[in-house]
Amino acid sequence: MVSSLLSPFPNVISQPNLVSRASPPFFTRAQMSSESLPPLPEHRIVLGCGSVGVDFLASVASYPKPDDKIRSTSLKVQGGGNAGNALTCVARLGLNPRLISKVANDAQGKSILEELESDGVNTSFFIVSEEGNSPFTYIIVDNETKTRTCIHTPGYPPLIPDELSQSQLLSALDGANMVYFDGRLYETALIIAKEAACKNIPILVDAEREREGLDDLLNFASYAICSARFPQAWTKAPSLPSALLSMLLRLPNLKFVIVTLGEDGCIMLERSVNGGSDAEEIDIHGLLESLKQRKDESKTIPTCISSVVTNLSANGIGTVFGRLFIGTAEKIPPSELVDTTGAGDAFIGAVVYALCAGMPPEKMLPFAAQVAASGCRALGARTGLPHRTDPRLATFL
């Protein structure tokens with residue numbers, strides 16, 4: 001049953017055969033030997049700041065109607081939160097992540113820390129409140145539509161910047177090769193971003209949705225990964241390609257922006273810094289359509305199609321010298337698709353690894369898509385996250 005110390009409903013007993021708690025690493029396939037893998041990146045320390053929590057995941061045959069009473073087909077309790085998930089992915093791929101966040105000194109907070117530490121995430125920079133509650137989320141996974149619905153309860157009291165001392169901040173950044181933000185805890189994140197920028201440490205921002213303080217954080221971003229709706233919502237551009245162009249024009253520090261599109265893969269616009277004056281000017285909409293025509297629909301594994309470096313333009317927006325990429329997603333058989341919870345976090349964690357490993361975009365995008373697809377084959381954001389030795393990653397590493 002779910003532990004009475006962990007559950008927010010301590011008197012509720014769940015069916016024993018349906019419940020699993022913080023599952024161990026997902027080893028359903030033979031693992032590759034470390035000797036057959038390329039060496040790990042030389043610089044492996046990544047600092048993250050953002051949300052953590054406990055996820056209570058209930059699978060149901062189909063989403064209930066109002067006032068319905070239904071039973072779950074399975075139940076899992078495990079760690080969650082965008083930053084917690086992404087850095088768990090980073091750790092399983094072989095990097096050394098550190099995480100700044102806050103929990104309460106309750107059973108849920110302790111389980112959050114224990115699970116992260118068991119996966120190799122350094123939690124020594126966490127703030128632990130003696131009062132309040134740690135964050136948790138109820139997630140209903142619809143087996144019929146393969147969708148999930150999240151009901152989140154924030155942690156309390158919230159993290160305030162004064163709780164992170166200057167010495168802790170400098171220690172957390174010491175040796176870091178990259179800093180990642182999930183857009184939450186923005187006041188503390190902004191202080192970290194300013195210090196990281198002073199030290200010329202690249203910054204990746206997850207732009208999932210418009211949030212307070214995100215605009216300021218994006219001004220420091222070297223890389224941005226967006227949900228499907230964010231670019232147009234943020235830029236007010238008339239189309240997704242023009243919105244990506246607008247983001248690079250509005251954010252001069254941005255080297256690339258990626259928008260994730262679920263089963264439709266992703267689109268990436270990369271800025272090029274050399275040349276441009278003599279390059280041909282091409283409308284970004286027409287270029288995107290021409291790249292789509294080059295997709296091989298018979299391939300089930302993730303692939304990448306890229307343009308040449310050129311001047312990309314959109315009427316009323318402007319021009320950027322760079323390259324456009326389309327990344328495809330793995331075509332997961334319906335019988336293997338279990339839960340999309342945390343797929344975006346897995347994608348981001350894989351991109352962080354790829355950047356630290358110096359992967360070019362043509363390799364990075366299929367790799368990140370493969371990691372995300374692996375996570376969709378199990379219930380919860382972390383159960384299916386692959387380790388570096390997972391044979392599914394062999395051809396992508």
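Note that these values count all heavy atoms, side chains included, but never hydrogens, waters or copies made by symmetry.
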Review point. For E263, does the CD atom have more than 12 heavy-atom neighbours from other residues, nucleotides or ligands under 6.0 Å away?
Key: no

Review point. Ignoring hydrogens and geometry, is there a side-chain-to-backbone donor-acceptor pair from S129 to G132 under 3.5 Å?
Key: no

Practice item. May I ask you to check whether T319 and S313 show a side-chain donor-acceptor distance below 3.5 Å? Key: no

Practice item. Please check if L355 and Y180 belong to a single hydrophobic cluster, counting links between Ile, Leu, Val, Met, Phe, Trp and Tyr side chain heavy atoms closer than 4.5 Å. Key: yes

Review point. Is it true that E115 and K110 have a side-chain N and a carboxylate O under 4.0 angstrom from each other?
Key: no

Review point. Would you say N96's side chain and R44's backbone share a donor-acceptor pair under 3.5 angstrom?
Key: no

Review point. For P231 and L244, which heavy atoms make the closest approach, and how far apart are they?
Key: CG-CD2, 4.0 Å

Exercise for review: Without swapping roles, check the side chain of R211 against the backbone of R184 for a donor-acceptor pair under 3.5 Å.
Suggested key: no

Check your understanding: Short question: side chain of T303, backbone of K299 - any donor-acceptor pair under 3.5 Å?
Key -> no

Review point. Between the main-chain N or O of G81 and the side-chain N or O of N85, is there a donor-acceptor pair closer than 3.5 Å?
Key: yes

Practice item. Take E212 and E187 through the test side chain to side chain contact (heavy atoms under 4.5 Å, CB included) and record every step on the way to the result. Key: CA-CA 9 Å; E212 187 176 5; E187 292 176 314; over 6 Å; no

Revision key, fill the gap. Heavy atoms of T73 and A61 approach each other most closely as CG2-N, 4.1 Å

Check your understanding: side chain to side chain contact (heavy atoms under 4.5 Å, CB included) between R92 and D119: does it pass, once the steps are laid out?
Key -> CA-CA 7 Å; R92 292 191 185 183; D119 259 311; 2.9 Å; yes

Review point. Is D68 reaching over with its side chain to a backbone N or O of I70, donor-acceptor style, under 3.5 angstrom?
Key: no

Point to revise | Between CD1 on residue I326 and SG on residue C304, distance to nearest 0.5 Å | key: 9.0 Å

Point to revise | Under 3.5 Å donor-acceptor, D182 side chain and S51 backbone | key: yes

Check your understanding: Would you find more than 12 non-hydrogen atoms of other residues, nucleotides or ligands less than 6.0 Å from N315 atom CG?
Key -> no

Exercise for review: Using modelled atom types only, decide if a donor and an acceptor are shared between the side chain of N253 and the backbone of N219 within a distance under 3.5 Å.
Suggested key: yes

Review point. Q168 and S165: side-chain donor and acceptor closer than 3.5 Å?
Key: yes

Practice item. Salt-bridge test for E297 and K331: reply yes if a basic N is under 4.0 Å from a carboxylate O, no otherwise. Key: yes

Point to revise | Flag if over 12 foreign heavy atoms under 6.0 Å of CD, E131 | key: no

Check your understanding: So, does S171 use its side chain to make a donor-acceptor pair with the main chain of S167 at under 3.5 Å?
Key -> no

Check your understanding: In terms of hydrophobic clustering (I, L, V, M, F, W, Y; side-chain heavy atoms under 4.5 Å; direct or indirect links), are F256 and I203 co-clustered?
Key -> no

Review point. Do we see a donor-acceptor contact under 3.5 Å between the side chains of T300 and E330?
Key: no

Point to revise | hydrophobic_cluster_shared for L324 and M359, side chain cutoff 4.5 Å | key: no

**Study point:** Side-chain donor-acceptor contact under 3.5 Å, T123 with E117
**Key:** yes

**Study point:** Joint hydrophobic cluster, L204 plus F230, side-chain heavy atoms closer than 4.5 Å
**Key:** no

**Study point:** Residues R229, E210: salt bridge by 4.0 Å N-O rule
**Key:** no

Check your understanding: Step by step, would you call I201 with L173 a side chain to side chain contact (heavy atoms under 4.5 Å, CB included)?
Key -> CA-CA 9 Å; I201 302 172; L173 286 169; 4.0 Å; yes

Practice item. Considering non-hydrogen atoms only, spot the tightest contact between L95 and C356 and give its length. Key: CD1-SG, 4.0 Å

Study note, to complete from the structure: Exactly one candidate in F347, Y353, F396 meets ring pair (Phe, Tyr, Trp, His ring centres under 6.0 Å) with F367; the answer is Y353

Exercise for review: Could you check C226 against I258 for side chain to side chain contact (heavy atoms under 4.5 Å, CB included), going step by step and ending with a plain yes or no?
Suggested key: CA-CA 6 Å; C226 310; I258 298 173; over 6 Å; no

**Study point:** Donor-acceptor contact present, side-chain R382 to main-chain G79, <3.5 Å
**Key:** yes

Review point. Do other residues, nucleotides or ligands put more than 12 heavy atoms under 6.0 Å from the NZ atom of K255?
Key: no

Review point. Can you find a heavy atom in the side chain of M268 that is under 4.5 Å from one in the side chain of P361?
Key: yes

Check your understanding: How far apart are the closest heavy atoms of A228 and L240, and which atoms are they?
Key -> O-CD1, 4.2 Å

Review point. Under 6.0 Å from the six-membered ring centre of W234 and within 45° of its axis: does the NZ or CZ of R250 meet both?
Key: yes

Practice item. Check the pair E362 / R323 against salt bridge (Lys or Arg N to Asp or Glu O under 4.0 Å), numbers first and verdict last. Key: CA-CA 11 Å; E362 295 86 348; R323 283 198 297 171; 2.8 Å; yes

Review point. Does V90 share a hydrophobic cluster with V179, counting links as ILVMFWY side-chain heavy atoms below 4.5 Å and allowing steps through other members?
Key: no

